[in-house]
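Have a look at the structure below before the remarks.
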Amino acid sequence: MTTTTDDAAAGVVTRADYCVIACAEAWRGSGETLASPMGLIPGIGARLARRTFAPGLLMTDGEAMLIGPDGEREGWLPYRQHLEFVTRGGRHVMMGASQLDRFGNQNISCIGDWQQPARQLLGVRGAPVNTLNNPTSYWVPKHSRRVFVDKVDMVSGVGYDNAAAAGPSATRFHHLPRVVTNLAVLDFDTPDHAMRLASLHPGVTVEEVREATGFELVLPDEVPYTREPTGDELRLIREELDPRALRHREVPA
């Protein structure tokens, strides 16, 4: 399926719409969890989840306030309380990634050897704490072999293999629910927690995803498509959550 901006205006479901839905689904069944989406499409997805099937989600302005589904401030979130959410697994973060490997190790720090990297990135920042203390999902707007690598150059966010090697203190709250990209949804629902192709966005083939991935993905016998948005979800996305269609700048229609 190839869509254009005109198609989006006419009501055709675009690739960006499927990405929003896939991100929103990361918070299904979360209950009273602090959602921390990082990025435009994850943010729209979290707000959509809050407006529809996950009304118990708590969201922040990234500073010190809780915000409602309309973005208006609805309460104070002191740092002590925020830290309590973090350290007891009460937050679900959706981060970006410069590199991801088959066991979910994430790199946002540097490309190349640590002693003399070819490129300096954001730095480790809060990735280790996020991944060891909270469910952490990932959003990758451009699925490619540059991102999905056999081994990350540096571990920023901790994957399943490294968490297991560190022992119970690292695995208590460690959980990587899903990876959403512009092509597909991936997860780690396999015996050894190797990355699996969970669903394809409509119009994408298994071969396209395999070609854009630098390691062998686990493939189920049948790969489903990412679910269709409901009419009410499309209305919310287009009229209230992203009326300027900024999502199509991140994932072109």
Side-chain angles (χ1 to χ4, degrees), residues 1-30 33-63 65-75 77 91-98 108 122 135-144 147 177-186 198-204 225-253:
M1 178 181 67
T2 301
T3 57
T4 66
T5 304
D6 290 339
D7 290 328
V12 174
V13 182
T14 67
R15 182 72 58 80
D17 295 330
Y18 285 112
C19 291
V20 169
I21 291 296
C23 287
E25 285 291 332
W27 285 282
R28 183 177 288 277
S30 293
T33 296
L34 182 63
S36 294
M38 301 179 187
L40 176 67
I41 283 180
I44 299 170
R47 292 168 62 201
L48 179 67
R50 168 80 184 266
R51 293 286 292 269
T52 54
F53 55 77
L57 277 185
L58 301 174
M59 299 186 65
T60 76
D61 61 0
E63 296 182 7
M65 304 298 293
L66 290 169
I67 59 172
D70 57 0
E72 293 296 318
R73 293 179 175 182
E74 60 179 16
L77 184 67
R91 182 174 67 156
H92 184 163
V93 183
M94 183 169 280
M95 300 175 66
S98 300
I108 52 172
L122 290 173
T136 301
S137 294
Y138 291 105
W139 160 242
V140 178
K142 189 172 183 180
H143 193 134
S144 74
V147 177
R178 62 173 45 196
V179 179
V180 180
T181 81
N182 63 317
L183 300 181
V185 178
L186 308 123
S199 74
L200 296 165
H201 300 328
V204 180
Y225 285 111
T226 304
R227 78 165 176 88
E228 296 284 332
T230 66
D232 187 50
E233 287 172 332
L234 279 179
R235 182 191 63 78
L236 284 169
I237 293 169
R238 294 171 178 180
E239 297 179 14
E240 299 186 33
L241 301 178
D242 186 30
R244 297 170 59 194
L246 298 179
R247 63 194 180 281
H248 294 124
R249 296 184 185 179
E250 194 164 26
V251 178

- prompt: So His92 and Trp27, would you call those rings parallel, tilted or perpendicular, with 30° and 60° as cut-offs?
  reply: tilted
task: Report the distance from atom CG of Leu48 to atom CG of Asp17, rounding to the nearest 0.5 Å.
output: 10.0 Å
Spacing of OG1 belonging to Thr136 relative to CE belonging to Met94, to within rounding of 0.5 Å: 10.0 Å
message: Between Asn182 and His201, does the side-chain contact (heavy atoms from CB on, under 4.5 Å) criterion hold? Intermediate values first, please.
response: CA-CA 8 Å; Asn182 63 317; His201 300 328; 5.6 Å; no
- prompt: Checking Arg247 side chain against Asp242 main chain: does a donor-acceptor pair fall under 3.5 Å?
  reply: yes
field: Residue pair Leu234 / Glu239, side-chain heavy-atom distance below 4.5 Å
entry: no
task: Work out which heavy atom in Pro202 is nearest to a heavy atom in Glu228; give both atom names and the distance.
output: CG-OE2, 4.2 Å
- request: Apply the test side-chain contact (heavy atoms from CB on, under 4.5 Å) to residues His143 and Leu186: give CA-CA distance (whole Å), side-chain angles for both, the deciding distance (0.1 Å), then the verdict.
  value: CA-CA 11 Å; His143 193 134; Leu186 308 123; 4.0 Å; yes
From Arg235 atom CZ to Glu233 atom CD, the distance as rounded to the nearest 0.5 Å: 11.0 Å
task: Write down the atom of Pro141, the atom of Glu250, and the distance for their closest heavy-atom approach.
output: CB-CG, 3.9 Å
field: Atom pair CG (Leu34) and CG (Leu58), whose distance is rounded to the nearest 0.5 Å
entry: 6.0 Å
message: Minimum heavy-atom separation for Leu57 and Ala46, please, with both atom names.
response: CD1-O, 3.9 Å
message: If you define the side chain from C-beta out and look only at heavy atoms, does anything of Trp139 sit under 4.5 Å from Pro37?
response: no
Electrostatic pair Glu25-Arg178, nearest N-O below 4.0 angstrom: no
- line: CD1 (Ile41) and CD1 (Ile21) are apart, to the nearest 0.5 Å, by 11.5 Å
- request: Kindly indicate, with the supporting measurements, whether the criterion side-chain contact (heavy atoms from CB on, under 4.5 Å) is fulfilled by Leu40 and Arg249.
  value: CA-CA 10 Å; Leu40 176 67; Arg249 296 184 185 179; 6.0 Å; no
field: Closest non-hydrogen atom pair, Ser199 against Ala184
entry: O-CB, 3.1 Å
- line: dist Arg47:CZ -> Leu241:CG (nearest 0.5 Å) comes out at 5.0 Å
field: Non-hydrogen side-chain atoms of Val13 and Pro229 separated by less than 4.5 Å
entry: yes
query: Considering all heavy atoms of both residues, which atom of Arg238 and which atom of Val12 are nearest to each other, and what is their separation?
result: NH2-O, 2.7 Å
field: Non-hydrogen atoms of Tyr225 and Val204 that approach each other most closely
entry: CE2-O, 4.1 Å
